[in-house]
Chemist: 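Take this structure first; my questions come after.
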Amino acid sequence: MNLLRNSSKGRRLLIRYLLESNPNHERGPCDGENIENTCVVEWLRKLGLSKYEEIFTKEEVDWETLQWLTEEDLLGMGITSLGPRKKIIHALGELRRKNDNANDTEADVLISENTKRTKGPMSGNKLITEFFRCSSSDQKQRDHKVQKPSTLNNQKNSSAKVASSRSRTRKAKVKDTPLWCCIPGTPFRVDAFRYLRGDCCHWFLTHFHLDHYQGLTKSFCHGKIYCTSITANLVHHKIGVPWDRMHVLPLNKRITVAGINLTCFEANHCPGSIIILFEPPNGKAVLHTGDFRFSSEMANNPVLQSSHIHTLILDTTYCNPRYDFPSQEIVIQFVIEAIQAEAFNPKTLFLIGSYTIGKERLFTEVARLLQKKIYVGAAKLQILKHLELPQEIMPWLTANEAESHIHVVPMWTLASFKRLKHLSSQYADRYDLIVAFCPTGWSFGKGRKKTPGRRWQQGTIIRYEVPYSEHSSFTELREFVRFISPEHIVPSVNNDGPEGADAMLAQLLND
Ligand SMILES: [Zn+2]
C-alpha cells in the first residue's frame with residue numbers, strides 16, 4: 001500500500017505512471033536527472049493546472065512528497081481557490097488508488113503466487129486526505145450505493161447490521177447527507193457542514209479537523225453548532241464564527257438538546273475531540289465516534305459499559321488487519337529512546353512531524369519526559385494556546401528556534417530525503433545531523449513487522465517512520481465493537497457502499 005514510501009519501489013511506480021501516461025515512452029521533459037520534480041509539473045499540466053507549477057517547484061514538491069499533500073497543505077502553499085484545490089485532491093486520490101492496486105498485485109506475488117487473496121476494503125484516499133475525505137460528488141455516488149441491501153444483515157455470527165432499512169428510509173428524505181452524518185431518531189447532524197440545509201438547526205462538530213468542519217464559514221446561519229470548548233475556540237478564532245452561534249458541550253455530563261439526552265466523552269483523537277452518545281426518546285441509542293482511538297478510559301467508562309447501543313457510527317480509518325500498530329505509549333517511548341540514542345552528536349537537529357491540530361501528545365510527551373524545550377513556531381504556538389493543554393506543558397513550548405534543537409514541522413516537509421536535504425542545507429551552520437520523525441498509522445501496513453518505528457539514513461540525514469496514530473488500530477476496533485456490542489454499525493470512513501462496508505465489518509465481527 002505504501003510502496004511510494006520506499007524510494008526504489010516508488011520509482012518503479014513512477015516509471016509505471018510515466019509509461020501509462022506516455023505509452024511510447026518518448027524522450028521528453030520527464031527523462032533525465034530531475035525526473036521527479038519535472039513529472040510533478042507534467043502531472044499538473046495534464047490536470048490543466050500549469051499555473052501552479054511555480055508554487056510546486058518553489059516548495060520543492062517532488063513525486064514522493066506529492067503523496068503526502070493534504071488539502072490543508074495546498075492551502076498553506078497558497079492554492080486558495082476551491083476548484084483547483086479539489087481537482088488536485090481528487091487526482092491525488094486517483095493516483096494513489098492506482099498505486100494501491102499495483103502494490104497489492106506486487107505484494108501478493110511476493111507473498112504467495114498460489115494463494116488467492118481477497119482485496120482489503122481500504123480505498124486508500126485517507127492518506128492523501130487524512131483529514132479530508134472524498135469530494136461531495138464522490139459522496140453522492142457512495143450515498144447512492146449504500147442504499148442497496150446489506151449482505152451482513154443475514155450473518156448468523158453477529159448481531160450487528162449495516163445500513164438498516166430504517167436508515168435507508170431516512171436517507172431518502174435527506175438526499176445529500178451521508179448516513180454517518182445523520183443521527184436516527186433525532187433532528188441532529190454530525191460533522192455535516194458540507195450538507196448544510198434549512199431543515200436542521202442542530203449541527204454537532206466532533207473535532208476541528210478540516211474533513212469534519214469543511215463547509216463551515218463565519219456566515220453560518222443554520223442554527224447552533226454544538227462542540228467542546230476547545231473546538232469552539234478554534235472555530236471562533238480560525239474561522240470567525242461568532243460565539244452566539246455556538247453551544248459548548250460539557251464532557252461526561254448528560255444534557256438535553258431539543259428534548260433529546262446526550263453525553264460527550266473524550267475521543268482520544270486530537271484536543272477537543274469527542275464521541276457522542278445520543279439517547280433519543282425511541283430508546284434506540286446512537287453512539288457516534290467521530291474520529292477516535294479506543295482507550296482504557298473508554299473501556300472503564302460506566303455509562304458506555306451500561307448503555308445499550310442500537311447504532312454505532314464508527315471511525316473505520318484503519319479497519320483492516322494490516323493496521324495492527326502498537327499503542328501510542330510504546331511509540332512515544334520508542335521516539336524518546338531514539339532521540340537519546342541519536343543525540344551523541346550535540347549538533348543534531350530533531351524534527352517531529354505534525355498537523356495543524358494533531359500529534360500534540362507525541363511532542364509534548366517528548367518535552368515533558370526529556371525535560372527539553374520544543375520549538376513549534378509562532379503560528380502553531382498560537383493554536384496550541386487554544387487547546388487547553390496541561391499548564392506544565394506550555395513552558396516547554398517555544399516560538400524561538402534558537403532555544404531548542406527539537407523542532408515541530410508540518411508532516412509533509414519530512415516526506416522525502418530530498419526535502420530533508422534542503423532543510424539540512426538551511427541549518428548547515430548550526431547542525432551537522434538531521435533526525436526526522438514522521439508519525440502516522442499509515443507507515444504501518446501489510447507485510448511489516450509490528451515494530452514501533454523504522455529507520456532510514458542517507459548521509460547526515462536520518463528519517464524514522466513511527467506508527468503513531470490518533471485513530472484506533474484494527475485490534476482496538478475489534479475490541480471496541482465487542483465492548484459496545486451494537487445492533488447496527490455504520491462505517492464513517494472508506495465506506496464505498498454496502499459491499500465494501502460489509503467486507504470491512506465482517507473482518508471486525510468474525511471470530
Ligand atoms: Zn480527525
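Start at 1 and go down the list; that is how both ligands and their atoms are numbered.
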Chemist: When you measure from the Zn ion (ligand 1) to the N, O or S atoms of Asp291, does any of those distances fall below 2.8 Å?
Modeler: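 It does: Asp291 brings an N, O or S atom closer than 2.8 Å to the Zn ion (ligand 1).
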Chemist: Decide, counting backbone as well as side-chain atoms, whether His471 has an N, O or S atom less than 2.8 Å from the Zn ion (ligand 1).
Modeler: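 Not a single backbone or side-chain N, O or S atom of His471 is under 2.8 Å from the Zn ion (ligand 1).
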Chemist: Taking 2.8 Å as the cut-off, does His209 contribute an N, O or S atom near the Zn ion (ligand 1), distance below it?
Modeler: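 So His209 counts as coordinating the Zn ion (ligand 1), yes.
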Chemist: So do Thr263 and Ile255 actually touch side chain to side chain, heavy atoms under 4.5 Å?
Modeler: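 Not touching, per the 4.5 Å side-chain cut-off.
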Chemist: Are Arg293 and Glu266 close enough for a salt bridge, meaning some N to O gap below 4.0 Å?
Modeler: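 So Arg293 does not pair with Glu266 through a salt bridge.
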Chemist: Treating Ser469 as the side-chain partner and His471 as the backbone partner, does any N or O pair qualify as donor plus acceptor under 3.5 Å?
Modeler: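 Yes.
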Chemist: Indicate yes or no: does Arg368 engage Glu392 in a salt bridge with an N to O separation below 4.0 Å.
Modeler: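 The answer is no: the pair does not qualify as a salt bridge.
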Chemist: Do any of the N, O or S atoms of His269 sit under 2.8 Å from the Zn ion (ligand 1)?
Modeler: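 Yes - counting backbone and side chain alike, His269 has an N, O or S atom under 2.8 Å.
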